[in-house]
Structures are given as C-alpha cells and as structure tokens.
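Below you'll find the structure, written out as structure tokens, and then a few comments.
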There are 2 protein chains.
Amino acid sequence: MSDHEQQPLPPTSRLSGDALPPVEQHARQYETVRNAHETELIEDYVELIGDLLRHRGEARAADIASRMAVSQATVSKMIRRLNELGLVTSRPYRSLFLTEAGQNMAETSRARHDVVLHFLRALGVRDTTARIDAEGMEHHVSDETLAIMQRFTETHQT
Amino acid sequence: MSDHEQQPLPPTSRLSGDALPPVEQHARQYETVRNAHETELIEDYVELIGDLLRHRGEARAADIASRMAVSQATVSKMIRRLNELGLVTSRPYRSLFLTEAGQNMAETSRARHDVVLHFLRALGVRDTTARIDAEGMEHHVSDETLAIMQRFTETHQT
DNA sequence: CAAATAGTTTAGCCTCGGCTAACAAATATT
DNA sequence: AATATTTGTTAGCCGAGGCTAAACTATTTG
C-alpha cells in the first residue's frame, strides 16, 4: 500500500452549516423520519379513499390505481393490508368503505394536507407546485409546525 | 346477501377540502413523491458523510450507524451501494470519502437542508422540532418553494 | 507482544411495495 | 344471450432497506 493515502482533513474550517447535533438527538431525527415513512403510504391510500368517497361517492380499486399511477395488482394487495389493519372494508367488485378508524385517519390526513397546501399557497407558491410539495411534506410536519402554518395562513389571507 | 348493503353516498356535500385534481396531475403528484423516496435515503447518507467529514475530519461506518440509529451491517451494505453509484470511495477499515459527485450531492443536500431549517426557525418553530421536521421535509421541497423559503428567511431575520 | 476490545464485513433472513401475467367475475355492448 | 370489456384477484418475481449472527481485521491495553 502507498504511503500517500488520502488523509482525513483536520476538524476543519466550517464554511457553512450548523454543528452536528449530539448523537442521540441526531439518531432520534432519523428514527422519526423512518417511522413517518412506514405510515406514509398507508395514510396516502386512506386519504385518497376518503377523498374519492367524498367527491365521487365511491372508491374503486381502479380509480386508486390510476390516480396513484400504480398497477391494480399493487392496489389489490394494499387493500388487503388496509383490511388487516382495520382501516377499510371491502367486497370484491364493490366500492371500498372506511371503517371508523379509517375515517379518523382520513380526516386527520386530509386536515394536515389542507393546512400544508394552503400554507404553501399563502407563502406564494404556485398551485401546481404547492400540490406536489404538500403531498410529500404532509407526513413530515410536526403538530407544532402545523399549528404555526395554520396561524400564518390565517393572517396572510389573499 | 342482504339487500341493505352499505351504499355509496351521492357526490355529496363538500364539507372541507378542495376538488380532486384531474387524474393525470394527481398521478404525477404521487409519482414525484415516490421518486423522492428513492433518492432520499441515499442523499441522507451522503449528506451525513459530508457533515462528518467537515466537522470531524473523518467518516467511519460506526459513526454513521450510531447517528442514524441503524445497525453497522446496514451501513456496510449501504456503503457498497454508494460505492456502486460512484458517490463514495471506501477502503476497508478506513474513513470514507466522497467522490466529486458525492461532494456535489452532499453540498446540494446540505444547502437544501439549511434553507428549510432556517426557514422553520424564522417561522417560529422551536429548534428541536425544526431539526426533525427539516430532516423529513427537505427531500420534498421543490426548488420553487425553496427559493421562496429562502427569501422569507432573509426578510424575517430575528 | 498477546489478549481483549472495537470496527467492519459477509451471509442469510424478513417485510414492503412495486411489477407482470394469468385468470375470474361483473358489467356493457351488440 | 353471447361476446367483449372492464374490474379485481392471485401467484410469483424483484430490489430496497432493515435485522442478527458469525467471521475477520485493526487497535488498544495489560
């Protein structure tokens, strides 16, 4: 092996950014994100089912598939999971329905989603962009931040 | 089967929320989120490696494991992937380094992260919460929104 | 310098969330 | 009513991202 190895730099000039958080706190941040990821998809499905029921009166697997840009097989499998989790009831070739628990989840998600979306719009983000960003952000916004966003939106009516 | 089946409601009273977006747009929203998810973890690793290098002078697998609250085996596997993607160089039992591409990614991620974090603080979110939220949000904020966040932060200095 | 400890890798397992292909059931069309 | 179309399910595949256990390498310490 060569002696001219690439060497780590000294703890070095901080040109940007904050200090590293203490290990445990840092770890908790990542854990929080990982946990969010686990529930995220479930919530998206439930929320969408709720929206379809509300706006269309029914929620069919095919609609979910096309709106999520996912195969029907994937939706079918997912519905089985939602069923096992006690979030939806389903009978083949019939519309899906949300259980009580499902309805709660849908409402909560919808509410978070709306707060984030309206906040982004109040901030001045274009509608299309706001929708995309809101879809991704909604699962990662804490209650604290959500409350602040809501207040902001209210005091910055267009 | 019973005749008293649970029936879909009529297109119904909208108590809250916006109308459903057209199918194709809706689909693009979900696709965007799914794509973000694919790169998210990669970016988190690269960003963390960059931070460790900058603040500590070296980035060891063990540090990454404890800061991400993940097993060393998981980190080891991930490093192989990062290697294949041409983002890091590694030699067994030595510090990791970022390739040119890796450095670019790390800088970009770091920058996004900082913008979001400072924005949240400027909004009035407590530091600990802001850090957690920023970690989750950073991958889902479009350039457009990012620019707006930056302007907001600048004009709302504490 | 030998032994203990710390760091890293590999093997093998698991779950999730995608996919396609094949089939089955319901609905629509002719 | 027969056929075509749409809708839904099942089986089986894949990659990602976790895990534990076991083996191996490096470093530290007695």
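Each chain gets a letter, A, B and so on, in the order the sequences are listed, and its residues count up from 1. All figures in this text were calculated on a predicted structure; none of them were measured in a lab.
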Please state how far atom CD1 in B/I64 lies from atom P in C/dT9, giving the value in whole angstrom units.
10 Å
Are any of A/T74's side-chain N or O atoms less than 4.0 Å away from OP1 or OP2 of C/dG18?
no
A/R34 CZ to D/dC19 P: how many Å, rounded?
7 Å
Let me spell it out: for each of B/K77 and A/Y93, pick the nucleotide of DNA chain C with the closest heavy atom. Which residue's pick is nearer the 5' end?
B/K77
It should be established whether B/R80 places a side-chain nitrogen or oxygen under 4.0 Å from OP1 or OP2 of nucleotide C/dT9.
no
Hey, would you say the B/H37 and B/H140 ring centroids sit under 6.0 Å apart?
yes
So how far is it from A/R81 CZ to A/Y45 OH, rounded to the nearest 0.5 Å?
10.0 Å
Tell me whether A/V75 is reachable from A/F97 by hopping between hydrophobic residues (I, L, V, M, F, W, Y) whose side-chain heavy atoms are closer than 4.5 Å.
yes
B/R91 atom CZ is separated from D/dT25 atom C1', nearest whole Å, by 14 Å
Under 4.0 Å, counting only non-hydrogen atoms across every strand here, what does B/V75 touch: a base, just sugar-phosphate, or nothing?
nothing
In whole angstroms, how far is the P atom of D/dT10 from the CG atom of A/N83?
11 Å
Using a 4.0 Å heavy-atom cut-off, does A/A62 contact any base of the nucleic acid, only the sugar-phosphate backbone, or nothing at all?
sugar-phosphate
Atom CD1 of A/I79 to atom C1' of D/dT10: distance rounded to whole Å?
14 Å
Find which nucleotide of DNA chain D each of A/A59 and B/E38 is nearest to by heavy atoms, and output the residue with the more 5' nucleotide.
A/A59
Polar side-chain contact B/Q72-C/dG7 base: donor and acceptor under 3.5 Å:
no
Rounded to the nearest 0.5 Å, what separates atom CD1 in A/I49 from atom CD in A/E58?
12.5 Å
Whole angstrom value for the distance that separates C1' of D/dG17 from OH of A/Y30:
16 Å
Any idea which of C/dT8, D/dT9, D/dT7 is nearest the A/P92 side chain?
D/dT9
Among D/dA16, D/dG8, D/dA21, the one nearest any side-chain atom of B/R81 is D/dA16
May I have the distance from B/M78 (atom CE) to C/dT10 (atom P), rounded to whole angstrom?
16 Å
What is the distance from CZ of A/R94 to P of D/dT7, rounded to the nearest Å?
14 Å
Output yes when at least one side-chain N/O atom of B/S71 is less than 4.0 Å from OP1 or OP2 of D/dC19, else no.
yes
Any salt bridge linking A/D63 with A/R56? Criterion: basic side-chain nitrogen under 4.0 Å from a carboxylate oxygen.
no
Report the nucleotide, chosen from D/dG18, C/dG18, C/dG7, that has the shortest atom-to-atom distance to any side-chain atom of B/Y45.
D/dG18
